[in-house]
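Starting off with a structure, shown below.
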Amino acid sequence: MTFKSFNPPQRILMGPGPSDVSARVLSALARPTIGHLDPLFINMMDEVKTLLQYAFQTKNEFTIALSAPGSAGMEACFVNLVEAGDKVIVCRNGVFGERMIENVTRIGAEAIVVDSPWGRAVEIDKVAAALNDNPDAKFLAFVHAETSTGAVSDAQALCKLAQEHECLTIVDAVTSLGGIELKVDEWGIDAIYSGTQKCMSCVPGISPISFSPKAVEVVQNRKTKIQSWFLDQTLVMGYWSGKGKRSYHHTAPVNSLYALHEALIMLHDEGLENSWARHREQHEVLAKGLKELGIEFIVPEDERLPQLNAIYIPDGADDAKVRNYLLEHYNLEIGAGLGAFAGKAWRIGLMGHGAKSENVALCLSALKDALNQ
Ligand SMILES: *Cc1c(COP(=O)(O)O)cnc(C)c1O
């Protein structure tokens with residue numbers, strides 16, 4: 001048997017992630033691998049940290065790129081902060097809120113679940129009621145941008161509520177980072193995690209995370225040992241802390257971090273606010289075009305994520321056939337529905353580098369063609 005090199009086609013990725021990676025970031029990935037304790041590499045890691053602080057809008061000292069995907073970032077937040085027996089209020093309005101509950105219960109902690117309808121923002125009143133009913137709750141956890149439904153929640157209001165009840169916040173920003181307004185310090189977020197393959201337009205497999213000084217204090221004063229060795233951030237803090245003396249914890253994904261460094265420079269050069277505005281503008285053009293095609297959004301206008309457009313599959317259209325047609329004829333990937341929306345929705349991503357006019361135009365004309373076939 002002979003094997004050939006794998007040469008993937010050039011797709012246009014307009015699904016829920018991974019998003020299109022620019023040539024500039026891909027070329028950073030192909031630079032020579034150096035040792036992860038090489039002084040030059042350590043310098044670059046320090047820059048990644050500074051650039052992540054900018055992206056998250058935080059001064060948090062503990063701001064790092066976890067060597068694992070967004071789901072591991074989620075798990076890192078929960079296993080470091082939450083101990084068995086703790087009470088955690090978890091907001092569920094889609095697939096990722098559900099995963100948070102799974103994290104809480106596997107730790108042996110108690111999840112107080114606040115359900116909001118799928119395709120809608122987290123309902124603030126319900127969260128307020130849960131906080132009132134559970135004065136002993138230690139954490140409030142929610143997803144800022146629910147990629148499974150395309151709904152954004154009011155992270156600022158939720159954090160304010162949590163602070164009034166002396167709860168720390170754990171926030172999923174996998175799809176929000178770089179795509180919509182997100183201000184970790186101003187909003188008072190305590191633990192946040194993201195992913196590189198959504199609005200950062202970087203390769204998958206890295207999760208930027210950041211803990212507030214209050215969250216770090218909680219981690220350092222735990223009664224019990226963190227059950228996961230790899231995700232125990234007290235061990236990683238030494239690895240990422242500057243001061244030149246870095247000790248071995250695990251081998252960093254060297255080339256992927258080159259890519260993240262490059263993607264973060266691109267975000268910094270563009271400017272966060274400009275990136276948020278670009279996502280919004282492209283979303284508006286897409287929404288207008290979809291309306292002309294008679295396609296309807298799942299999420300009400302003021303709760304929509306610009307970077308993830310969840311739409312109802314039009315009557316008579318075959319879900320898989322249309323998506324396959326787009327892939328075969330246009331090299332265009334859009335996302336299928338997830339969870340409660342499987343078979344009922346498509347998810348069109350306008351993330352990072354992919355949030356541009358030519359992609360929107362292509363998506364609209366390709367979709368029109370596919371629906372006519
Ligand atoms: C994609 C995503 C995740 C999981 O990230 P992976 O990198 O796939 O592990 C978590 N939360 C949200 C909101 C996401 O969109």
Side-chain angles (χ1 to χ4, degrees), residues 13-21 52 55-56 64-79 90-104 106 116 118-122 141-155 158 169-180 182 189 191-210 228 230-231 253 256-257 259-260 263 279 298-299 303-310 333-342 345-352 354-355:
L13 302 178
M14 296 183 76
S19 60
D20 275 340
V21 179
L52 281 178
F56 276 130
I64 66 157
L66 190 79
S67 307
S71 305
M74 178 189 289
E75 190 141 348
C77 288
F78 283 95
V79 298
V90 188
C91 307
R92 174 170 60 187
N93 61 338
V95 165
F96 295 103
E98 205 152 274
R99 277 199 196 169
M100 285 179 152
I101 297 166
E102 189 66 23
N103 271 272
V104 170
R106 283 181 189 224
S116 300
W118 282 49
R120 298 299 305 267
V122 168
F142 65 88
V143 179
H144 185 203
E146 236 319 334
T147 325
S148 64
T149 69
V152 62
S153 289
D154 188 341
L158 288 166
T169 43
I170 299 176
V171 179
D172 180 319
V174 176
T175 286
S176 54
L177 185 68
I180 48 170
L182 171 63
I189 293 171
I192 190 161
Y193 59 91
S194 189
T196 42
Q197 79 278 27
K198 313 238 171 155
C199 296
M200 309 295 309
S201 263
C202 188
V203 288
I206 298 180
S207 175
I209 61 172
S210 183
S228 162
F230 183 71
L231 294 178
S256 294
L257 285 172
L260 177 58
H279 283 85
I298 289 174
V299 180
E303 295 173 11
R304 270 177 214 164
L305 280 172
Q307 66 272 49
L308 197 285
N309 299 267
E333 178 186 282
I334 64 167
L338 200 60
F341 290 132
W346 287 323
R347 292 179 298 154
I348 302 177
L350 288 172
M351 295 182 177

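Residue numbers count from 1 along this sequence. Side chains are part of it too, since the values below use all heavy atoms of this structure and drop only hydrogens, waters and symmetry mates. Counting starts at 1 for both ligands and their atoms, in listed order.
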Check your understanding: Any donor and acceptor pair, going by atom type alone, linking the side chain of R92 with main-chain N or O of G97 inside 3.5 Å?
Key -> no

Check your understanding: Do any N or O atoms from the side chain of R304 and from the backbone of V299 form a donor-acceptor pair under 3.5 angstrom?
Key -> yes

Review point. Under 3.5 Å, is there a donor-acceptor pair between the side chain of N93 and the main chain of W118?
Key: no

Point to revise | Numbering as shown, the atoms of ligand 1 that approach T175 to under 4.0 Å (heavy-atom distance) | key: 15 (O)

Exercise for review: Please check if any side-chain donor atom of S71 sits under 3.5 Å from a side-chain acceptor atom of R99, or the reverse.
Suggested key: yes

Exercise for review: Give the residue and atom name of whichever protein heavy atom lies nearest to atom 15 (O) of ligand 1, and the separation in Å to one decimal.
Suggested key: T147 OG1, 2.3 Å

Revision key, fill the gap. For G70, the ligand 1 atoms with a heavy-atom partner under 4.0 Å come out as 5 (O), 6 (P), 7 (O), 9 (O)

Point to revise | From CD (E98) to CD (E102), nearest 0.5 Å | key: 8.5 Å

Exercise for review: May I ask you to check whether R99 has an N/O atom sitting below 3.5 Å from an N/O atom of ligand 1?
Suggested key: no

Review point. Does F96 offer a backbone N or O that forms a donor-acceptor pair with the side chain of E146 under 3.5 Å?
Key: yes

Check your understanding: Among all protein non-hydrogen atoms, which one is nearest to atom 3 (C) of ligand 1, and what is the separation to 0.1 Å?
Key -> F96 CE2, 3.4 Å

Check your understanding: Any donor-acceptor pair under 3.5 Å linking the side chain of S201 with the backbone of D20?
Key -> yes

**Study point:** Nearest neighbour in protein (non-hydrogen) for atom 4 (C) of ligand 1
**Key:** S71 OG, 3.5 Å

Review point. Heavy atom of A145 under 4.0 Å from ligand 1?
Key: yes

**Study point:** Heavy-atom nearest neighbour of atom 2 (C) of ligand 1 within options H144, M74, K198
**Key:** K198

Practice item. Run the numbers for me: atoms of ligand 1, each under 4.0 Å from some heavy atom of Q197, listed by number. Key: 6 (P), 7 (O), 8 (O)

Review point. Looking only at non-hydrogen atoms, which of L338, L305, D172 approaches atom 11 (N) of ligand 1 most closely?
Key: D172

